[in-house]
Peer 1: 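One structure is given below, represented as structure tokens, and several questions about it will come after.
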Amino acid sequence: ARLVCTWDSSPQAATLAACVAPTTERPNVTDAEWQQEMAAQERAAKQAPIHFNAKKNYGKNQVEALALRLGPIASRVERAAGGLCTDLHHGAGNCAFKVELNPHEHGLNAHADGQNVVIYPAMVDFARNDTHLAFVIAHEFAHNIMGHVAATKQNVTIGALLGTALDIAASSKGYSTKGAFGELGGQQALLRYSSSFEAEADYVGLYIMSRAGYNVRNAMSFWRRFSVKEPDLVDISTTHPTNPERFVAMQKSIGEIDYKRKHHVPLTPDFKQ
């Protein structure tokens, strides 16, 4: 990634093009492809809603059972993620990853902290099969391998600083912005590439899964299941792509992985020249 910060001025505000962008070259998805999948997911969400309480509390015995299920899957993905990390970074950096189950967190979520992965009990419970759970973990490890946590923090900081410069300039001319440009700059920097980072984590995560020996074709249905549980994610996109976009993008990426396996090409993601 390279630091290239530019401003696009408008009469109302200035928006920031984030400084750090994704670096992988992922297969293209057409509007027609994801719109077709969107229609399919909307129909499924209406016909068979999933009633799952993602905020429920899990007792000690339940958490232990979830941890018992998570352990072997996490270990398998950890090894594969560490191997890909070592290959991509040529042995530099810390590629020893771990997964932690946090019994105190609620919601269908997991997150990367830059090195390791924290997964919530509800997500382990919700994952229909081991492949779905492996994908969630691999996706989060991909964030770590690709440096997304640090890149996001860097983008937000620089965006806020550039916005603050506009606040100061406005103040020197007698206009009080009350820090609005600084706040806007940070928000714009966060949103500019957040969705692309998520798409990149899906892409790299599939390579991790494939290296771990999972059938990656079984991972795609995770997003269809998620859409049946959370129908709003079928057509609403903020910091993440829509679930239909993710499904179709994964479909294309799996085709790429299948080609590499068939032709004995190393299982590493493609990068921009």
Peer 1: Step through the shown structure and confirm whether more than 12 heavy atoms of other residues, nucleotides or ligands are within 6.0 Å of NZ on Lys60.
Peer 2: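 Result for NZ/Lys60: open.
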Peer 1: Quick one: does Arg224's side chain have a donor or acceptor within less than 3.5 Å of a partner on Pro244's backbone?
Peer 2: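 Such a contact is absent between Arg224 side chain and Pro244 backbone.
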Peer 1: Looking at every non-hydrogen atom in both residues, tell me the closest pair between Ala142 and Gly205 and how far apart they are.
Peer 2: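 Minimum heavy-atom separation between Ala142 and Gly205: CB-N, 3.7 Å.
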Peer 1: Can you confirm whether Glu37 sits close enough to Arg246 that some side-chain heavy atom of one is under 4.5 Å from a side-chain heavy atom of the other?
Peer 2: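 They are not in contact (no side-chain heavy atoms under 4.5 Å apart), so the answer is no.
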Peer 1: Step by step, work out the side-chain contact (heavy atoms from CB on, under 4.5 Å) result for Tyr120 and His106.
Peer 2: CA-CA 6 Å; Tyr120 303 178; His106 297 86; over 6 Å; no
Peer 1: Please determine, by modelled atom types, if Asn218 and His132 share a side-chain donor-acceptor pair under 3.5 angstrom.
Peer 2: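 Note: Asn218 and His132 side chains miss the donor-acceptor criterion.
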Peer 1: Give me the one residue out of Val228, Val248, Asp202, Leu233 that meets side-chain contact (heavy atoms from CB on, under 4.5 Å) with Trp223.
Peer 2: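 Per the side-chain contact (heavy atoms from CB on, under 4.5 Å) rule, the option paired with Trp223 is Asp202, out of Val228, Val248, Asp202, Leu233.
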Peer 1: Do Ile50 and Phe226 land in one hydrophobic cluster if side-chain heavy atoms of ILVMFWY residues count as linked below 4.5 Å?
Peer 2: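 Yes; tracing contacts between hydrophobic side chains, which count when under 4.5 Å, links both residues.
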Peer 1: Does one side chain, of Ser227 or Asn243, offer a donor that lies under 3.5 Å from an acceptor on the other?
Peer 2: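 Looking only at side-chain atoms, Asn243 and Ser227 do form a donor-acceptor pair, the distance falling under 3.5 Å.
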Peer 1: Hydrogens and angles aside, do Thr131 and Arg217 bring a side-chain donor and acceptor to less than 3.5 Å of each other?
Peer 2: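 No donor-acceptor contact under 3.5 Å links the two side chains.
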Peer 1: Please check if the number of heavy atoms outside Phe271 that lie under 6.0 Å from its CZ is greater than 12.
Peer 2: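 Correct, the count exceeds 12.
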Peer 1: Measure across Thr24 and Met146 and return the closest heavy-atom pair with its distance rounded to 0.1 Å.
Peer 2: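 Heavy atoms only, the tightest pair is CG2-CE, 3.9 Å.
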Peer 1: Using side-chain contact (heavy atoms from CB on, under 4.5 Å), reason through Asn116 and Glu100 one step at a time and then give a plain yes or no.
Peer 2: CA-CA 8 Å; Asn116 298 309; Glu100 173 192 348; over 6 Å; no
Peer 1: For Thr30 and Glu33, which I'm curious about, is there any donor-acceptor pair between the side chains at under 3.5 Å?
Peer 2: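 Per modelled atom types, Thr30 and Glu33 side chains form a pair under 3.5 Å.
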Peer 1: Ignoring hydrogens and angles, tell me if any N or O in the side chain of Arg211 forms a donor-acceptor pair with the backbone of Ala80 under 3.5 Å.
Peer 2: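 Checked: no pair found.
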Peer 1: Can you find a pair of side-chain heavy atoms, one from Leu70 and one from Ile137, that are under 4.5 Å apart?
Peer 2: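 With C-beta onward as the side chain, the pair touches.
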Peer 1: Taking the side chain as every heavy atom from C-beta outward, state whether Lys260 and Tyr207 have any atom pair closer than 4.5 Å.
Peer 2: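 Yes - at least one pair of side-chain heavy atoms lies under 4.5 Å apart.
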Peer 1: Establish, from distance only, whether the side-chain atoms of Glu64 and Tyr58 form a donor-acceptor pair under 3.5 Å.
Peer 2: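 Note: Glu64 and Tyr58 side chains miss the donor-acceptor criterion.
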Peer 1: Using side-chain heavy atoms (C-beta onward) and a distance below 4.5 Å, is Arg26 in contact with Asp270?
Peer 2: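 Counting from C-beta outward, Arg26 and Asp270 never come under 4.5 Å.
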Peer 1: Cation over ring, Arg128 on Phe222, under 6.0 Å and within 45°?
Peer 2: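 Not flagged: Arg128 not positioned over aromatic ring of Phe222.
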Peer 1: Is a side-chain donor or acceptor of Arg225 paired with a backbone partner of Phe126 at a separation under 3.5 angstrom?
Peer 2: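 Checking the backbone N and O of Phe126 against the side chain of Arg225, a donor-acceptor pair under 3.5 Å is found.
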Peer 1: Just wondering, do Ile73 and Tyr214 contact through their side chains at under 4.5 Å, heavy atoms?
Peer 2: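 In contact.
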Peer 1: Could you go step by step and tell me if Met220 and Phe135 meet the side-chain contact (heavy atoms from CB on, under 4.5 Å) rule?
Peer 2: CA-CA 9 Å; Met220 294 186 303; Phe135 169 68; over 6 Å; no
Peer 1: Determine, stepwise, if the pair Thr23 / Lys272 fulfils side-chain contact (heavy atoms from CB on, under 4.5 Å).
Peer 2: CA-CA 6 Å; Thr23 55; Lys272 297 175 181 176; 5.6 Å; no
Peer 1: May I ask you to check whether over 12 heavy atoms, not counting those of Lys56, lie within 6.0 Å of atom NZ?
Peer 2: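 Count over threshold, so yes.
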Peer 1: Quick check: does any side chain N or O of Glu245 sit under 3.5 Å from a backbone N or O of Thr242, one acting as donor and the other as acceptor?
Peer 2: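 Yes.
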Peer 1: Distance alone, cut at 3.5 Å: any donor-acceptor contact between the side chains of Glu198 and Ser195?
Peer 2: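 Result is no, nothing qualifies.
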Peer 1: Please say yes or no: joined through hydrophobic side-chain contacts below 4.5 Å, possibly via intermediate residues, are Val136 and Val117 part of one cluster?
Peer 2: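 In one cluster: yes.
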Peer 1: Answer with yes or no whether the hydrophobic clustering places Val118 together with Leu133; edges join I, L, V, M, F, W, Y residues whose side-chain heavy atoms lie under 4.5 Å apart.
Peer 2: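 Looking at the clustering, Leu133 is in a separate group from Val118.
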Peer 1: Is the shortest side-chain heavy-atom distance between Cys95 and Leu88 below 4.5 Å?
Peer 2: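 Contact flag for Cys95/Leu88 side chains = no.
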Peer 1: Could you check whether atom CG of Asn28 has more than 12 heavy atoms from other residues, nucleotides or ligands sitting under 6.0 Å from it?
Peer 2: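 For Asn28, atom CG is not crowded (no more than 12 foreign heavy atoms under 6.0 Å).
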Peer 1: State the CG-CE distance between Asn215 and Met209, to the nearest 0.5 angstrom.
Peer 2: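 It comes to 8.0 Å.
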Peer 1: For the side chain of Gln62 and the backbone of Gly59, is there at least one donor-acceptor N/O pair under 3.5 Å apart?
Peer 2: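 The answer is yes, because a donor-acceptor pair under 3.5 Å joins these two groups.
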Peer 1: Could you state the interatomic distance from CG (Leu66) to CG (Asn61), rounded to the nearest 0.5 Å?
Peer 2: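 So the CG of Leu66 and the CG of Asn61 are separated by 11.0 Å.
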Peer 1: I want to check something: taking the side chain as every heavy atom from C-beta on, are Val124 and Leu101 in contact at a cut-off of under 4.5 Å?
Peer 2: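 They are in contact (side-chain heavy atoms under 4.5 Å apart), so the answer is yes.
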Peer 1: Can you tell me how far the NE2 atom of His148 sits from the CG atom of Asn144, to the nearest 0.5 Å?
Peer 2: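 If I round to the nearest 0.5 Å, the distance is 10.0 Å.
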Peer 1: Is there a donor-acceptor pair under 3.5 Å between the side chain of Ser210 and the backbone N or O of Leu206?
Peer 2: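 Not a single qualifying donor-acceptor pair exists.
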Peer 1: Main chain of Glu200, side chain of His143: is a donor-acceptor contact present, judged purely on distance under 3.5 Å?
Peer 2: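 No, because the side chain of His143 does not come within donor-acceptor range (under 3.5 Å) of the backbone of Glu200.
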Peer 1: So if you build clusters from Ile, Leu, Val, Met, Phe, Trp, Tyr with side-chain heavy-atom gaps below 4.5 Å, do Leu108 and Ile119 land together?
Peer 2: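 Same cluster.
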Peer 1: Measure the CD1-CZ distance between Ile208 and Phe97 for me, rounded to the nearest 0.5 Å.
Peer 2: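 Between atom CD1 of Ile208 and atom CZ of Phe97 there are 7.5 Å.
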Peer 1: We want to know whether His111 and Glu140 form a side-chain donor-acceptor pair, criterion being a heavy-atom distance below 3.5 angstrom.
Peer 2: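 No, no side-chain donor-acceptor contact under 3.5 Å.
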Peer 1: Consider only side-chain N and O atoms of Tyr203 and Lys252, and report whether a donor and an acceptor are under 3.5 Å apart.
Peer 2: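 Lys252 and Tyr203 do not have a side-chain donor-acceptor pair below 3.5 Å.
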Peer 1: Sub-3.5 Å donor-acceptor pair from the side chain of His263 to the main-chain atoms of Tyr259, do we have one?
Peer 2: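 Pair found, side chain donor or acceptor close to backbone of Tyr259.
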Peer 1: Is it the case that the side chain of Glu78 and the backbone of Val99 share a donor-acceptor pair, with hydrogens and angles ignored and the cut-off at 3.5 Å?
Peer 2: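 Yes: the side chain of Glu78 pairs with the backbone of Val99.
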Peer 1: What I'd like to find out is whether the side chain of Val204 reaches to under 4.5 Å of the side chain of Leu84, using heavy atoms alone.
Peer 2: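 A side-chain contact exists here, since the closest heavy-atom pair is under 4.5 Å.
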Peer 1: Which atom names give the shortest non-hydrogen contact between Ala122 and Ala54, and what distance separates them?
Peer 2: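 Scanning both residues, the minimum pair turns out to be CB-O, 3.5 Å.
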Peer 1: Rounded at 0.5 Å granularity, tell me how far SG in Cys85 sits from CZ in Phe141.
Peer 2: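 Cys85 atom SG to Phe141 atom CZ measures 10.5 Å (nearest 0.5 Å).
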Peer 1: Give a yes or no on whether Gln115 atom CD has more than 12 heavy-atom contacts from other residues, nucleotides or ligands under 6.0 Å away.
Peer 2: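 Atom CD in Gln115 is crowded, with more than 12 foreign heavy atoms closer than 6.0 Å.
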